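A short worksheet on the structure shown next.
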Amino acid sequence: MAKIDTLKVFSGIRSTSLAKGICKHIGVELGLAETLLFPDSEVLVKVNEDVRGRDCFVVLSTCPPVNDNLMELLIYIDCLKRASAGQVIAVIPYFGYARQDRKNEGRTPITAKMIANLITAAGCDRVLAIDLHAAQLQGFFDIPVDHLSASTIFLEHFESRREELGDLCVVSPDVGNVKVAEKIADLLNADLAIINKRRISGSEVKQRNLIGDVSGKTVLFFDDMISTASTVVTAAEFVMERGAKRVLTAATHPVLCGSACEKLAKSPIEQIICANTIDRGSDLDVQAKLGDKYLELNVDNLLGDAILRIHNKRSVSELLRRTAGTKR
Ligand code: R5P
């Protein structure tokens with residue numbers, strides 16, 4: 001394996017398989033470190049090799065358990081900084097708390113901003129992320145953010161099976177995602193439809209109107225994440241009632257919390273395609289409940305290329321040439 005001694009890649013305990021894939025692509029060994037839990041659940045991160053002056057990339061999705069992962073990330077950054085790392089770059093494939101990005105009502109926090117402050121205060125020099133819930137989250141960090149989109153990978157996937165998808169309609173499951181869905185529809189030479197969704201609670205949504213025609217078509221939903229799966233499952237039922245022939249859904253982040261897998265398994269959705277920003281492909285529960293219905297696309301190479309570019313002080317924009325943008 002070629003040795004790039006000035007670059008180190010470390011991994012959070014729940015992001016190891018993605019970090020290993022990135023290392024394989026770059027041609028480096030995963031950095032030597034360990035995360036230990038004290039009996040009272042405090043976290044200790046210990047780096048077991050010299051990092052002085054190196055660019056240290058910490059791959060860690062702040063997925064569920066969100067607070068544990070977040071603490072591990074903050075402690076990792078502090079540990080590397082105190083070990084005299086050159087730059088510490090947080091590679092956050094999935095950024096938890098991203099949906100708490102504004103005050104929807106009085107006396108509520110903007111937690112996404114507070115988390116960005118914490119990451120910066122811990123000593124992070126730069127962030128590398130994929131499909132943040134909204135593009136403007138980049139501005140929450142007072143340090144540079146390289147923001148990638150997995151839509152390149154999704155597009156390649158759907159282009160390779162374009163013929164099989166037949167008369168295709170890309171449907172945005174809510175108005176926030178229209179721009180992304182529109183771009184994907186254009187690139188796949190498909191129609192576009194939009195659902196007007198209303199969120200009733202964290203786990204309950206209601207579809208109100210459909211703008212566009214899905215009758216007799218293959219519907220492809222595209223969203224940034226599937227969390228409780230309420231959005232996509234109710235949207236799938238909604239389009240089936242309006243004459244859709246089949247439904248597939250694509251989303252970057254497979255948060256899949258609570259009873260999401262059961263809901264998806266029972267739903268009319270034929271296939272769920274996500275990226276491995278959160279490791280669900282090897283999750284036995286997901287495998288047992290969704291089996292072949294679940295397909296995970298790989299962002300290892302995309303992140304690996306971005307890491308190499310950051311390390312070599314080259315532009316990351318080239319990796320964004322053919323993307324559908326981000327939810328607004
Ligand atoms: C909403 O703005 C998001 O982009 C997703 O549509 C939503 O968060 C998915 O959540 P759930 O799967 O819980 O409906």
Side-chain angles (χ1 to χ4, degrees), residues 61-66 92-105 108 110-112 115 129-138 140 147 149-151 154 170-184 193-210 219-239 247-269 271-275 277-278 280 283 285-286 289-290 293-294 296 323-328:
S61 275
T62 51
C63 55
V66 179
I92 314 177
Y94 169 72
F95 181 60
Y97 282 112
R99 287 177 290 176
Q100 295 192 42
D101 60 352
R102 75 200 97 141
K103 285 183 77 153
N104 281 330
E105 52 185 313
T108 52
I110 306 181
T111 310
I115 302 293
I130 303 185
D131 290 331
L132 288 165
H133 176 61
Q136 59 269 26
L137 279 161
Q138 293 168 78
F140 285 18
H147 188 203
S149 170
S151 55
F154 284 100
V170 177
V171 180
S172 177
D174 56 38
V175 286
N177 212 35
V178 176
K179 285 275 164 216
V180 177
E182 186 182 24
K183 187 82 194 279
I184 290 184
I194 302 155
I195 290 179
N196 177 16
K197 160 185 116 175
R198 191 162 75 91
R199 184 166 283 284
I200 295 158
S201 69
S203 59
E204 216 187 327
V205 296
K206 194 159 174 47
Q207 277 70 28
R208 298 209 283 200
N209 307 96
L210 173 74
V219 161
L220 172 62
F221 287 114
F222 207 88
D223 210 350
D224 61 326
M225 69 175 85
I226 303 176
S227 184
T228 63
S230 300
T231 300
V232 81
V233 168
T234 50
E237 288 159 358
F238 196 70
V239 294
V247 183
L248 287 84
T249 188
T252 304
H253 309 295
V255 182
L256 304 181
C257 61
S259 56
C261 290
E262 285 89 345
K263 279 195 232 166
L264 288 164
K266 280 195 249 144
S267 77
I269 301 170
Q271 198 175 30
I272 302 117
I273 305 133
C274 294
T277 55
I278 303 172
R280 290 291 185 221
D283 184 322
D285 191 48
V286 174
K289 285 173 183 148
L290 294 176
K293 215 171 170 174
Y294 182 70
E296 211 163 74
T323 71
T326 313
K327 196 158 185 161
R328 294 179 193 174

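When a ligand or atom number is given, it counts from 1 through the structure's own listing order. A quick note: this is a predicted structure, and the numbers were derived from the prediction, not measured.
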[X] neighbourhood, listing ligand 1 atoms whose heavy-atom distance to it stays under 4.0 Å:
X	value
Asp224	3 (C), 4 (O), 5 (C)
Ile226	12 (O)
Arg99	7 (C), 8 (O), 10 (O)
Lys197	1 (C), 6 (O)
His133	1 (C), 2 (O), 3 (C), 4 (O)

Report yes or no: do Asp131 and Ser149 form a side-chain donor-acceptor pair below 3.5 Å?
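Their side chains do contain a donor-acceptor pair, which is all the 3.5 Å distance test asks for.
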Do Ser230 and Lys263 get their side chains close enough for a donor-acceptor pair, meaning under 3.5 Å?
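Distance-only check passes for Ser230 and Lys263.
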Can you tell me how far the CD1 atom of Ile92 sits from the CD1 atom of Ile115, to the nearest 0.5 Å?
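Between atom CD1 of Ile92 and atom CD1 of Ile115 there are 10.0 Å.
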Is [X] reaching over with its side chain to a backbone N or O of [Y], donor-acceptor style, under 3.5 angstrom?
X	Y	result
Asn177	Phe222	yes
Thr62	Gly96	yes
His253	Thr277	no
Thr323	Ser151	no

For ligand 1, which part of [X] has a heavy atom less than 4.0 Å away: the side chain, the backbone, both, or neither?
X	result
Arg199	side chain
His253	neither
Ala229	backbone

Member of Cys274, Pro64, Cys63 meeting the side chain to side chain contact (heavy atoms under 4.5 Å, CB included) criterion with Val255
Pro64
Touching ligand 1 at all, Asp174? Heavy atoms, strictly under 4.0 Å?
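Checking ligand 1 against Asp174, which is what was asked, there is a heavy-atom contact under 4.0 Å.
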Hey, is Pro173 one of the residues with a heavy atom under 4.0 angstrom from ligand 1?
no
Would you indicate which of Thr234, Asp223, Thr231 comes nearest to atom 6 (O) of ligand 1 when only heavy atoms are counted?
Asp223
